[in-house]
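Here the structure is laid out as structure tokens; the discussion comes afterwards.
Note that this is a predicted model, so its numbers are computed, not measured.
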Amino acid sequence: IINIVHGLHLQRHLYLTLQILEAQIPTLVVINMIDQAEKMGIEFDTERFAQYLGCPVLTLSAKHGDGMPALLSALQNPKPTSPDPIALPSWIEPSLETLATALKPHSANPTWSALRCLENKDHHLWHQDVTLVRTLQETHQALQAQLPEDLDVLLAEQRYQTIETWLPNLRNITPPHQHTTTAWLD
């Protein structure tokens with residue numbers, strides 16, 4: 001997957017990136033609008049970005065064509081991705097393992113499928129297996145009973161917290177110098 005993210009709105013766009021990486025799908029992340037980011041004084045550390053995400057990261061200005069040769073090269077010579085699983089809260093691990101074990105015969109990526117089911121998504125895919133549906137419902141209900149909020153809300157918050165923790169290490173923001181009358185007089 002080529003995951004194009006907006007260089008000025010990373011918090012919003014990296015959420016999808018994390019979900020793609022959770023699914024362990026080979027990914028190339030492209031930070032677009034780099035020209036606009038540079039005007040705002042934002043620089044990206046693509047090497048560190050790649051280390052955090054476990055996949056190649058490039059910058060691009062589609063409007064001006066900057067970064068296109070690197071993108072074309074990356075597409076012709078794909079590098080393997082090795083995304084680390086996103087750090088999930090420890091309280092979810094036992095339930096995730098229970099469901100992943102139950103889903104193993106039904107899914108190529110049972111851990112990701114279990115996470116999706118716990119988030120109350122894709123559970124309809126398993127409706128033909130009554131035992132699996134019962135395991136899913138019981139695990140989800142037991143876990144949800146222990147939590148102050150809906151599980152999908154808590155997991156979304158965890159992803160956003162991960163992004164907020166990463167961003168200061170992935171970009172450098174230097175406000176552009178303003179040529180104002182006040183600055184000139186100073």
Side-chain angles (χ1 to χ4, degrees), residues 1-89 92-93 96-97 99-101 103-119 121-126 152 155-174:
I1 290 182
I2 302 171
N3 178 223
I4 300 175
V5 297
H6 192 300
L8 299 177
H9 302 289
L10 284 177
Q11 293 91 335
R12 212 175 316 151
H13 292 198
L14 286 177
Y15 189 87
L16 174 62
T17 304
L18 292 185
Q19 290 180 310
I20 293 168
L21 294 174
E22 286 170 358
Q24 298 179 344
I25 298 171
T27 304
L28 168 64
V29 173
V30 179
I31 304 171
N32 193 21
M33 305 291 286
I34 196 70
D35 55 321
Q36 294 298 314
E38 288 172 353
K39 284 181 185 176
M40 300 294 292
I42 301 172
E43 296 176 348
F44 299 98
D45 185 341
T46 56
E47 289 181 25
R48 186 175 280 180
F49 226 119
Q51 289 173 349
Y52 274 60
L53 297 177
C55 66
V57 177
L58 303 173
T59 57
L60 175 72
S61 170
K63 180 178 180 180
H64 300 290
D66 298 337
M68 284 303 288
L71 176 59
L72 294 173
S73 175
L75 293 175
Q76 292 173 354
N77 305 304
K79 294 181 181 175
T81 59
S82 57
D84 289 330
I86 304 307
L88 294 171
I92 199 171
E93 293 297 331
L96 199 58
E97 287 178 27
L99 284 179
T101 301
L103 288 166
K104 202 170 203 155
H106 304 280
S107 174
N109 188 341
T111 302
W112 178 76
S113 296
L115 184 60
R116 298 288 296 167
C117 288
L118 285 176
E119 288 183 285
K121 298 181 176 51
D122 297 344
H123 61 276
H124 63 280
L125 298 175
W126 319 111
D152 59 331
L155 290 171
E157 287 175 0
Q158 179 72 28
R159 288 186 187 105
Y160 281 118
Q161 286 174 359
T162 298
I163 292 165
E164 288 301 316
T165 302
W166 286 356
L167 281 180
N169 300 316
L170 302 177
R171 66 180 179 191
N172 182 27
I173 302 174
T174 307

Minimal non-hydrogen separation, [X] against [Y], with atom names:
X	Y	value
Met33	His6	CG-NE2, 3.6 Å
Ala50	Pro56	CB-CA, 4.5 Å
Gly7	Ala37	O-CB, 4.4 Å
Ala100	Ala114	N-CB, 3.6 Å

Can you measure from [atom1] ([X]) to [atom2] ([Y]) and round to the nearest 0.5 angstrom?
X	Y	atom1	atom2	answer
Leu60	Asn32	CG	CG	4.5 Å
Gln51	Thr46	CD	OG1	10.0 Å
Leu88	Leu115	CG	CG	6.0 Å
Lys79	Leu28	NZ	CG	10.0 Å
Ile163	Leu14	CD1	CG	5.0 Å
Leu58	Phe49	CG	CZ	11.5 Å

Taking the side chain as everything from C-beta on, heavy atoms only, tell me whether [X] gets closer than 4.5 Å to [Y].
X	Y	value
Val57	Leu170	no
Gln161	Gln158	yes
Val29	Cys55	yes
Gln19	Arg159	yes
Val5	Leu16	no
Asp45	Asn172	no
Phe44	Ile34	yes
Asn109	Ile25	no

Side chain to side chain contact (heavy atoms under 4.5 Å, CB included) assessment of Ile92 paired with Leu155: CA-CA 10 Å; Ile92 199 171; Leu155 290 171; 3.7 Å; yes

Side-chain donor or acceptor of Asp66 paired with backbone N/O of Ser61 under 3.5 Å: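 Looks like no, no N/O pair under 3.5 Å.
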
Plane angle bin for Tyr15 and Tyr160 - parallel if under 30°, tilted between 30 and 60°, otherwise perpendicular: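 Tyr160 and Tyr15: parallel rings.
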
Glu47 atom CD, over 12 foreign heavy atoms within 6.0 Å: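 12 or below, so no.
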
Exercise: do Asn3 and Thr17 side chains pair donor with acceptor under 3.5 Å: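 A donor-acceptor contact under 3.5 Å links the two side chains.
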
Criterion side chain to side chain contact (heavy atoms under 4.5 Å, CB included) against Leu167, the qualifying member of Thr162, Leu10, Ile173: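 That would be Leu10.
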
